[in-house]
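Structure first, then comments.
Worth saying up front: this structure is predicted, and the values here are computed from it rather than measured. Quick note: residue numbers are just sequence positions, from 1. Just the heavy atoms: all of them, side chains too, but no hydrogens, waters or symmetry mates, feed the values below.
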Amino acid sequence: MELTTIHLVRHGEVDNPTGILYGRRPGFRLTELGRAMGEEVGKAFSSGHDVRYVAASPLQRAQETAQPTADATGLPIAVDERLIEADNKFEGIAVNKNRAILAHPKFYAWYANPFRPSWGEPYTEIVRRMSGAVAHALNEARGGEAVLFSHQLPIWTMRRFVERKSLAHDPRRRQCSLASVTSLTFADTQLLALDYWEPAAALLGAAADMVPGTSAAAEAKGE
């Protein structure tokens with residue numbers, strides 16, 4: 001029996017002064033704080049881990065977050081399209097600056113089916129592609145560890161799938177903070193354990209781009 005751990009890492013803070021839902025749009029890079037978060041992730045994997053494979057979403061913020069881990073482990077960053085952010089009809093709209101805009105009647109038709117969801121990429125499709133990325137990483141890192149850099153919704157949807165929970169959820173309750181790590185440990189191909197940790201927890205309080213979701217660091221402070 002071989003133990004293999006696949007770490008799913010969310011990117012660091014993104015430079016997003018207009019507060020739009022940037023989704024798959026190009027050109028959204030990390031802030032200075034976001035780069036520091038990536039450095040903390042790289043430090044976390046630089047010792048005490050047996051990292052054999054590093055992959056990232058093709059989007060700039062994931063690539064930039066992955067670079068310190070690649071540098072620390074001496075591994076190249078494989079680009080895996082299956083790790084990309086979920087497609088979303090609200091992309092380009094300033095939902096982070098003004099949440100009330102989500103209640104505008106012009107969007108009512110987009111809310112027809114929250115279980116699919118009707119406003120974006122189906123949860124089942126996210127699970128399909130993320131499962132493919134995890135299965136590929138299992139083969140690449142068999143007996144060791146793989147670090148995959150992705151985005152909040154794909155990571156959270158994958159977590160709910162392995163926990164056998166409904167894929168439909170309240171975005172405000174996602175436990176997947178910036179630069180957080182969701183770790184899946186397998187015995188061969190059988191999932192043994194799921195862990196969540198925040199190597200950049202000390203930096204989260206300074207982040208301006210924390211929503212939606214929760215953070216273990218914030219919960220520890222009673223926020």
With a 4.5 Å heavy-atom cut-off, do Gln190 and Asp188 have their side chains touching?
no
Would you sort out whether Leu192 and Leu3 count as a side-chain contact (heavy atoms from CB on, under 4.5 Å), showing the intermediate values?
CA-CA 9 Å; Leu192 280 185; Leu3 294 179; 3.6 Å; yes
Relative to each other, are the rings of His104 and Phe107 parallel, tilted or perpendicular (30° and 60° limits)?
perpendicular
Verify the cluster assignment for Phe28 and Ile155: are they in a single hydrophobic cluster under the rule of side-chain heavy atoms below 4.5 Å apart?
no
For Ala62 and Ser57, work out which heavy atoms get closest and say how close.
CB-CB, 3.7 Å
Could you state whether Leu83 and Leu178 fall into the same hydrophobic cluster, counting links through intermediate Ile, Leu, Val, Met, Phe, Trp or Tyr residues with side-chain heavy atoms under 4.5 angstrom apart?
no
Is Phe161 linked to Ile126 within one hydrophobic cluster, defined over Ile, Leu, Val, Met, Phe, Trp and Tyr using a side-chain heavy-atom separation of less than 4.5 Å?
yes
So Glu39 and Thr65, side-chain contact (heavy atoms from CB on, under 4.5 Å) or not? Walk me through it.
CA-CA 8 Å; Glu39 293 290 342; Thr65 306; over 6 Å; no
Could I get the full list of side chain to side chain donor-acceptor pair (under 3.5 Å) partners for Arg35, not counting sequence neighbours?
none
Do the side chains of Trp156 and Val127 join up, straight or via other hydrophobic residues, at under 4.5 Å, putting them in one cluster?
no
Charged N to carboxylate O under 4.0 angstrom, Glu163 versus Arg159?
yes
Side chains of His7 and Thr182: any donor to acceptor distance under 3.5 Å?
no
I'd like to know if Glu64 and Arg61 make a salt bridge, using a cut-off of under 4.0 Å between side-chain N and carboxylate O.
no
Is Leu194 linked to Leu148 within one hydrophobic cluster, defined over Ile, Leu, Val, Met, Phe, Trp and Tyr using a side-chain heavy-atom separation of less than 4.5 Å?
yes
Work out which heavy atom in Pro58 is nearest to a heavy atom in Glu81; give both atom names and the distance.
CG-OE1, 3.5 Å
List, by chain and then residue number, the residues other than Val147 in its hydrophobic cluster (Ile/Leu/Val/Met/Phe/Trp/Tyr, side-chain heavy atoms under 4.5 Å); write none if there are no others.
Val9, Val41, Phe45, Val51, Val54, Leu75, Ile77, Phe149, Val181, Trp197
Using 4.0 Å as the upper bound for N to carboxylate O, is an ion pair formed by Arg129 and Glu121?
yes
For residues Ser180 and Glu198, is any side-chain donor paired with an opposing acceptor at under 3.5 Å?
no
Once you measure the plane-to-plane angle for Phe90 and Tyr111, does it fall in the parallel (<30°), tilted (30-60°) or perpendicular (>60°) bin?
parallel
Step-by-step side-chain hydrogen bond (donor to acceptor under 3.5 Å, both in side chains) determination, His151 to Arg10:
CA-CA 5 Å; His151 307 268; Arg10 186 186 176 193; over 6 Å; no
side-chain contact (heavy atoms from CB on, under 4.5 Å) between Ile93 and Leu21, intermediate numbers included
CA-CA 6 Å; Ile93 298 173; Leu21 194 158; 5.8 Å; no
Nonpolar side-chain network containing Leu59, other nodes, edges under 4.5 Å
Ile84
